[in-house]
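Take a look at the structure below.
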There are 2 protein chains.
Amino acid sequence: MITKKELSLCPVETTVSLISNKWKTLILRELLSGTKRFGELRNGISGVSQKVLTQNLRSMEDDGIIGRKVYAEVPPRVEYFLTDLGNTLRPIIDAMAEWGLGYQAMVNNSNETNVASR
Amino acid sequence: MITKKELSLCPVETTVSLISNKWKTLILRELLSGTKRFGELRNGISGVSQKVLTQNLRSMEDDGIIGRKVYAEVPPRVEYFLTDLGNTLRPIIDAMAEWGLGYQAMVNNSNETNVASR
DNA sequence: TTGTATAGGTACCTTTAAGTAACTATTGGA
DNA sequence: TCCAATAGTTACTTAAAGGTACCTATACAA
């Protein structure tokens with residue numbers, strides 16, 4: 001968890017320091033639809049390696065954004081979920097999703113002709 | 001500008017691929033309040049080096065998010081501004097700013113006591 | 001003639017992030 | 001007895017990002 005003196009003065013910078021990373025944003029996207037197991041996250045986030053996924057999950061756990069629940073089973077089962085704090089990030093991811101949709105639509109229109117030649 | 005085939009299927013990923021970077025987000029924050037000169041951006045974004053600022057500005061220009069206007073003056077004057085597309089990113093930065101404010105308030109309360117001992 | 005201001009470019013080096021592969025633990029089942 | 005399954009860890013390597021310092025152009029002012 002970040003401490004008071006580490007807080008940047010600018011709120012945007014504060015937010016960026018917690019979720020500016022590509023992988024964290026995608027982890028957030030996954031967990032917004034509910035609790036997920038480690039393997040589900042790895043499958044859901046294309047291109048992420050086990051190491052990097054673990055690293056980012058730990059970091060987000062430290063930041064209090066996500067929670068981790070280990071079940072005493074074999075083979076192991078570990079579930080990740082958003083904390084209350086993590087859930088408050090939802091509007092940011094929603095805004096990103098919405099913008100991405102608009103952008104995709106724009107690109108699909110603007111180079112329809114170029115792409116048609118593929 | 002991104003081409004159709006480079007578009008990720010996920011809208012969040014599309015957005016992240018354009019602005020996931022810390023510096024780009026901060027450049028965006030600066031330009032949301034209006035046109036800025038290079039030097040103003042460098043001063044407004046604490047910790048950014050000239051090289052990195054230039055690199056990110058070029059990349060954002062290529063992505064069609066910002067524009068660049070060079071005045072034929074000496075010493076040179078170059079202004080950066082958001083394009084129409086860039087302006088559509090405003091809700092994302094706004095959401096980040098709002099979240100950051102809430103988070104700062106939370107941290108300021110939760111470790112009031114620890115911090116009091118400084 | 002020399003310095004100043006602005007917006008870079010470039011070369012070189014360091015730091016950080018990420019990829020890859022191999023290894024661990026445990027237990028139920030073939 | 002040995003393999004499969006899950007969620008990791010660790011060591012080693014490569015790629016990307018960033019830092020630092022120094023260089024450029026040019027018109028004006030001292």
Side-chain angles (χ1 to χ4, degrees), chain A residues 2 6 8 10 12-13 16-31 34-63 65-82, chain B residues 2 6 8 10 12-13 16-31 34-63 65-82:
Chain A
I2 221 169
E6 288 163 354
S8 148
C10 164
V12 175
E13 228 170 309
V16 159
S17 75
L18 289 171
I19 60 154
S20 77
N21 165 308
K22 169 187 176 182
W23 301 119
K24 289 184 183 178
T25 310
L26 297 180
I27 290 169
L28 231 37
R29 178 199 64 186
E30 291 298 307
L31 295 183
T35 293
K36 291 247 160 63
R37 294 182 61 173
F38 182 84
E40 292 179 292
L41 291 173
R42 199 188 41 220
N43 294 332
I45 302 173
S46 98
V48 76
S49 72
Q50 194 172 49
K51 189 190 80 171
V52 168
L53 180 55
T54 305
Q55 275 176 356
N56 280 283
L57 288 170
R58 293 287 175 281
S59 166
M60 292 170 81
E61 203 188 338
D62 289 348
D63 289 337
I65 291 173
I66 65 173
R68 179 170 181 268
K69 183 166 182 190
V70 183
Y71 292 85
E73 297 176 3
V74 167
R77 180 155 65 107
V78 179
E79 285 183 351
Y80 290 93
F81 52 90
L82 292 181
Chain B
I2 221 168
E6 288 164 354
S8 150
C10 165
V12 175
E13 229 170 308
V16 159
S17 75
L18 289 171
I19 62 155
S20 78
N21 166 307
K22 171 187 174 182
W23 300 120
K24 290 185 182 178
T25 310
L26 297 179
I27 290 170
L28 230 38
R29 178 199 63 190
E30 291 297 307
L31 294 184
T35 292
K36 293 247 158 64
R37 295 184 58 175
F38 182 85
E40 293 179 290
L41 290 173
R42 198 187 42 219
N43 294 332
I45 301 173
S46 99
V48 76
S49 72
Q50 195 173 50
K51 191 189 78 168
V52 169
L53 180 55
T54 304
Q55 276 176 357
N56 281 283
L57 288 170
R58 293 289 174 278
S59 166
M60 292 170 81
E61 204 189 338
D62 289 347
D63 289 336
I65 291 174
I66 65 173
R68 180 168 181 267
K69 183 166 184 190
V70 183
Y71 293 85
E73 298 177 1
V74 168
R77 180 155 65 105
V78 179
E79 285 182 351
Y80 291 92
F81 52 90
L82 291 182

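Since the model is a prediction, treat every value here as computed from it, not as a measurement. Convention: sequence-line order gives letters A, B, ...; per-chain numbering from 1.
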Sugar-phosphate only, base, or nothing, as touched by Y71(A) at under 4.0 Å among non-hydrogen atoms: nothing
Which atom of P76(B) lies closest to which atom of R37(B), heavy atoms considered: O-NH2, 3.4 Å
Spacing between K24(A) atom NZ and dA17(C) atom C1', to the nearest angstrom: 12 Å
Ion pair E40(B)/R42(B), N-O distance below 4.0 Å: no
Option passing side-chain hydrogen bond (donor to acceptor under 3.5 Å, both in side chains) with Y80(B) (candidates K36(B), R68(B), K69(B)): R68(B)
Qualifying residues under side-chain contact (heavy atoms from CB on, under 4.5 Å), relative to R29(A), sequence neighbours excluded: L26(A), I45(A), I93(A), C10(B), V12(B), E13(B)
Residue whose nearest DNA chain C nucleotide is more 5′ - P76(A) or V48(A): V48(A)
First of V74(A) and Q50(A) reached from the 5' end of DNA chain C, by closest nucleotide: Q50(A)
Side-chain N or O of S49(B) closer than 4.0 Å to phosphate OP1/OP2 of dG19(D): yes
Test side-chain hydrogen bond (donor to acceptor under 3.5 Å, both in side chains) applied to S49(B) - qualifying residues, sequence neighbours left out: none
Options dA7(C), dG18(D), dA18(C), nucleotide nearest the side-chain atoms of R68(B): dA7(C)
Sugar-phosphate only, base, or nothing, as touched by R37(A) at under 4.0 Å among non-hydrogen atoms: sugar-phosphate
Rounded distance (Å) that lies between atom P of dG8(C) and atom CD of E79(B): 12 Å
d(CD1, I27(B); P, dG18(D)) in whole Å: 10 Å
Sugar-phosphate only, base, or nothing, as touched by E73(B) at under 4.0 Å among non-hydrogen atoms: nothing
Under-4.0 Å side-chain N/O to phosphate OP1/OP2 contact, R58(B) with dG8(C): yes
Side-chain N,O (R77(B)) to OP1/OP2 (dG8(C)) below 4.0 Å: no
Under-4.0 Å side-chain N/O to phosphate OP1/OP2 contact, W23(B) with dG18(D): yes
K51(B), nearest nucleotide to its side chain (from dT6(C), dT10(C), dT20(C)): dT10(C)
Sugar-phosphate only, base, or nothing, as touched by Q55(A) at under 4.0 Å among non-hydrogen atoms: nothing
Bend angle of the helix from dT1(C)-dA30(D) to dA30(C)-dT1(D), end axes from five pairs each (to 10°): 30°
Among dT6(D), dA7(C), dA5(C), the nucleotide that comes nearest once only the side chain of P75(B) is considered: dA5(C)
Nearest-neighbour nucleotide for the N56(A) side chain, dG18(D), dA18(C), dG8(D) considered: dA18(C)
